[in-house]
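Some notes on the structure that comes next.
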Amino acid sequence: MTNSRKIREELLAQEQIRPEIKSEYERRLNAMFEKELAGMHKKVLSPVQRISFALSGLMCIGFFVLFGYVGLIKSIGLPWLARGGFLAGSLFGLAFAVASLWIVIKGYYNRKRFPNLYTGLTWGIVVIQSTISMMLAGNMAEHPYHGTIMLLSSLVFLVMGVAFLLKNVVEQSTLKVQEDILRMQIQLSEMNERLTKSEPTYQR
């Protein structure tokens, strides 16, 4: 073990940290962490990604108009449960459109919040539509073939929703690990700076 390392260990063992100094130290660490964290979470869009989000937003506006038109006008005579499925699709289309176009305007998105928002919207529409499809299929005793098709369609969408959900869980877990590593790096850097400043005084 080198003399420098011995000095560091003795300083750590002997140093008495007052509460106010500890509080200020933690405040500085948290400020540094939040600043670095903001940069880590910020995902700036490339021109291609910006165009992709813009097209996605326009497509969702189309879904909003189409499903709203079908649910309010073209589906008159259908059960309200079926019309409710179209109207729910219209509302979710509007939500996706607003989120996508807002990102296009800003030019970046938050890697922690935005994927959670998109996944929540996706899972929400999948669950609602699947539930409606299964309820409608239960009322189709005279048309078992159509009821079976609706159930299978619901299953496909549920699988897709689970895939989106798992993908987001993995990405958020990876991001959490990166955050923990960043906090450790900042703490080690701050500790090394403090010990470096203390060594000359100790040696004298």
Between [X] and [Y], which heavy-atom pair has the shortest distance, and what is it?
X: Gly93; Y: Cys60; result: O-CB, 3.3 Å
X: Phe67; Y: Gly89; result: CD1-C, 3.7 Å
X: Gly124; Y: Phe92; result: C-CZ, 3.9 Å
X: Ala88; Y: Ile128; result: CB-CG2, 4.1 Å

Transitive ILVMFWY side-chain link [X] to [Y], under 4.5 Å:
X: Leu87; Y: Tyr69; answer: yes
X: Val156; Y: Leu158; answer: yes
X: Ile125; Y: Phe64; answer: no
X: Trp123; Y: Leu166; answer: yes
X: Val127; Y: Val162; answer: yes

Rounded at 0.5 Å granularity, tell me how far [atom1] in [X] sits from [atom2] in [Y].
X: Leu91; Y: Phe86; atom1: CG; atom2: CZ; result: 14.0 Å
X: Ile105; Y: Arg50; atom1: CD1; atom2: CZ; result: 9.0 Å
X: Thr122; Y: Leu117; atom1: OG1; atom2: CG; result: 9.0 Å
X: Tyr118; Y: Phe164; atom1: OH; atom2: CZ; result: 10.0 Å

Exercise. Should we say atom NZ of Lys167 is surrounded by more than 12 heavy atoms from elsewhere, each under 6.0 Å from it?
Worked result: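 At most 12 heavy atoms, drawn from other residues, nucleotides or ligands, come within 6.0 Å of this atom.
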For this session: Measure from the side-chain N and O atoms of Ser56 to the backbone N and O of Ser52, and report whether any donor-acceptor pair falls under 3.5 Å.
Result: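 Between the backbone of Ser52 and the side chain of Ser56 there is no qualifying donor-acceptor contact (under 3.5 Å).
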Exercise. Got a donor-acceptor contact below 3.5 angstrom from the Gln172 side chain to the Arg111 backbone?
Worked result: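 The answer is yes, because a donor-acceptor pair under 3.5 Å joins these two groups.
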For this session: Go through the structure and list residues passing side-chain contact (heavy atoms from CB on, under 4.5 Å) with Ile103, not counting sequence neighbours.
Result: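 Ile103: side-chain contact (heavy atoms from CB on, under 4.5 Å) contacts with Leu45, Phe53, Tyr109, Phe114.
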Exercise. What residue among Leu121, Asn110, Asn168 forms side chain to side chain contact (heavy atoms under 4.5 Å, CB included) with Asn116?
Worked result: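 Passing option: Asn168.
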Problem set entry | Listed partners of Tyr108 passing ring pair (Phe, Tyr, Trp, His ring centres under 6.0 Å), at least two apart |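 Residues passing ring pair (Phe, Tyr, Trp, His ring centres under 6.0 Å) with Tyr108: none at all.
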For this session: May I have the step-by-step check of side chain to side chain contact (heavy atoms under 4.5 Å, CB included) for Lys112 and Leu175, ending in yes or no?
Result: CA-CA 8 Å; Lys112 193 176 185 68; Leu175 190 61; 3.9 Å; yes
For this session: Run through the side-chain heavy atoms of Ile, Leu, Val, Met, Phe, Trp and Tyr, join any pair under 4.5 Å, and report what else lands in Val170's cluster.
Result: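 Its cluster partners, ordered by chain and number, are none at all.
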